[in-house]
Amino acid sequence: MPQPEFMFDEASHTYWLGDDKLPGVTSILKAAGLLEFPHSNGSAMLKGTYIHRATELYDRDDLDADSLDAEIKPYLEGWMKFRKDSGFVPELIEAPMFHPHLFYAGTIDRYGVLNGKKVLLDIKSGSPHPAYKVQVAGGYEGLLIGNGHHIDKFYSLYLKNTGGYSLQEITDAALCRKTFLCALTLYRWKESHL
């Protein structure tokens with residue numbers, strides 16, 4: 001029997017496997033109480049979306065830099081500086097995928113080569129949060145591994161409104177994996193019982 005088609009609906013930011021809606025990594029962490037955004041508002045989330053889109057278009061060599069909003073330009077400059085400084089070569093760019101056995105989904109910001117190593121890189125434009133490590137080295141890592149990719153290192157890259165960046169390596173991946181699986185289990189239990 002053929003596998004149902006996997007789809008990502010960008011407008012609603014939802015993931016589907018055939019007619020079944022799959023939970024996303026961030027939704028799983030929110031439901032488990034690990035991620036909350038009490039001070040977040042729609043404009044901050046929209047700004048993050050625009051920053052991601054600008055870096056994506058840059059990496060795909062399809063960016064019209066003159067069309068960028070002035071507020072987004074410094075973040076893109078930080079991304080461009082990181083690419084130049086590090087020599088990072090992306091292989092996957094804003095890639096939606098699902099785990100074929102655990103049936104959750106997410107969008108990988110970047111997967112590629114940095115200093116000769118296969119790395120998973122998550123792009124952030126806000127302040128660091130401890131659960132981001134679980135998001136990257138737990139949830140997103142599972143997606144890549146579940147789809148046959150190898151990862152040597154994990155990073156969060158914080159782009160700054162000054163045109164700079166801060167690269168933070170995630171070194172406790174084993175704990176992040178366990179924590180994410182606990183969050184997924186809690187998410188499934190809540191879906192079934194509450």
Side-chain angles (χ1 to χ4, degrees), residues 10 13 24-30 32-60 63 65 68-97 106-144 149 151-177 179-180 183:
E10 194 169 353
H13 201 85
V25 169
T26 304
S27 298
I28 292 165
L29 295 177
K30 285 180 185 177
L34 295 176
L35 265 183
E36 294 180 23
F37 300 101
H39 305 295
S40 233
N41 59 41
S43 65
M45 293 173 89
L46 191 58
K47 182 174 92 172
T49 300
Y50 291 147
I51 291 167
H52 271 259
R53 185 69 174 146
T55 62
E56 176 187 6
L57 291 172
Y58 174 81
D59 284 353
R60 295 185 189 283
L63 177 70
L68 281 180
D69 184 277
E71 189 177 5
I72 304 302
K73 282 185 181 180
Y75 296 96
L76 177 62
E77 289 168 3
W79 177 249
M80 292 165 62
K81 183 172 175 27
F82 164 73
R83 288 285 313 271
K84 182 179 178 188
D85 292 350
S86 69
F88 174 70
V89 178
E91 294 177 3
L92 295 176
I93 301 167
E94 299 292 333
M97 60 180 60
T107 298
I108 304 300
D109 290 355
R110 299 296 186 279
Y111 171 76
V113 178
L114 178 64
N115 298 324
K117 303 283 187 187
K118 294 284 190 172
V119 302
L120 171 56
L121 180 74
D122 200 55
I123 299 169
K124 301 290 188 192
S125 56
S127 301
H129 187 287
Y132 291 159
K133 296 191 307 181
V134 177
Q135 182 183 35
V136 177
Y140 295 150
E141 182 241 14
L143 293 173
L144 283 166
H149 297 280
I151 307 165
D152 295 308
K153 292 184 178 261
F154 307 88
Y155 295 96
S156 290
L157 179 72
Y158 292 89
L159 300 178
K160 311 284 187 179
N161 63 1
T162 58
Y165 66 87
S166 172
L167 183 65
Q168 296 181 5
E169 183 176 358
I170 300 167
T171 57
D172 55 349
L175 178 59
C176 292
R177 277 183 218 107
T179 304
F180 181 76

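Note: hydrogens, waters and symmetry copies are ignored here, and every other heavy atom, side chains too, is used. For clarity, every value in this text was computed on a predicted model and none was experimentally measured.
Interatomic distance, Ile28 CD1 to Leu34 CG, rounded to the nearest 0.5 Å: 11.0 Å. Note that CD of Glu91 is 10.0 Å distant from CD1 of Ile93, once rounded to the nearest 0.5 Å. Here the straight-line distance linking atom CG of Asp109 with atom CG of Leu157 works out to 9.5 Å at 0.5 Å rounding. Here the CZ atom belonging to Arg110 is positioned 6.5 Å from the CD atom belonging to Glu56, to the nearest 0.5 angstrom. With values rounded to the nearest 0.5 angstrom, Ile51 atom CD1 is found 10.0 Å from Ile123 atom CD1. A distance of 9.5 Å separates CZ in Phe154 from CD in Glu169, rounded to the nearest 0.5 Å.
The nearest pair of heavy atoms linking Asp85 to Tyr165 is OD2-OH, 2.8 Å. Contact detail for Ser86 and Asn115: the closest heavy-atom pair is O-OD1, 4.2 Å. When all heavy atoms of Lys81 and Gly163 are compared, the closest pair comes out as CD-O, 4.1 Å. Summarising the geometry of Gly48 relative to Ser125, their closest heavy-atom pair is CA-OG, 4.1 Å, with the distance given to 0.1 Å. Contact record, Val136 with Ser156: CG2-OG, 4.1 Å, taken as the closest heavy-atom pair.
Side-chain contact between Val113 and Lys118 is present, with at least one heavy-atom pair separated by less than 4.5 Å. Inter-residue side-chain proximity for Tyr155 and Ile170 is flagged as unmet; no heavy-atom pair is nearer than 4.5 Å. In this structure the side chain of Pro128 reaches within 4.5 angstrom of the side chain of Gln168, judged on heavy atoms. Proximity of Phe180 to Val25: side-chain heavy atoms (C-beta onward) are separated by under 4.5 Å at one or more points. Thr107 is not listed as a side-chain neighbour of His52, based on a closest heavy-atom distance of 4.5 Å or more. Side-chain atoms of Thr49 and Arg53, non-hydrogen and from C-beta on, never get closer than 4.5 Å to each other.
Partners of Asp152 according to the salt bridge (Lys or Arg N to Asp or Glu O under 4.0 Å) rule, which considers only residues two or more places apart in sequence or in another chain, do not exist here.
The pair Asp59-Arg83 meets the salt-bridge criterion, since a charged nitrogen lies less than 4.0 angstrom from a carboxylate oxygen.
Relative ring orientation between Phe88 and Trp79 is described as perpendicular, the plane-to-plane angle rising above 60° on a 0-90° scale split at 30° and 60°.
Test Asp122, Asp172, Thr171 against Lys133 for side chain to side chain donor-acceptor pair (under 3.5 Å) and you get one pass: Asp172.
Counted by atom type alone, Gln135 and Lys124 present one or more donor-acceptor pairs between their side chains at under 3.5 Å.
Atom NZ of Lys117 is surrounded by 12 or fewer heavy atoms from other residues, nucleotides or ligands within 6.0 Å.
At least one donor-acceptor pair under 3.5 Å links the side chain of Asp69 to the backbone N or O of Glu71.
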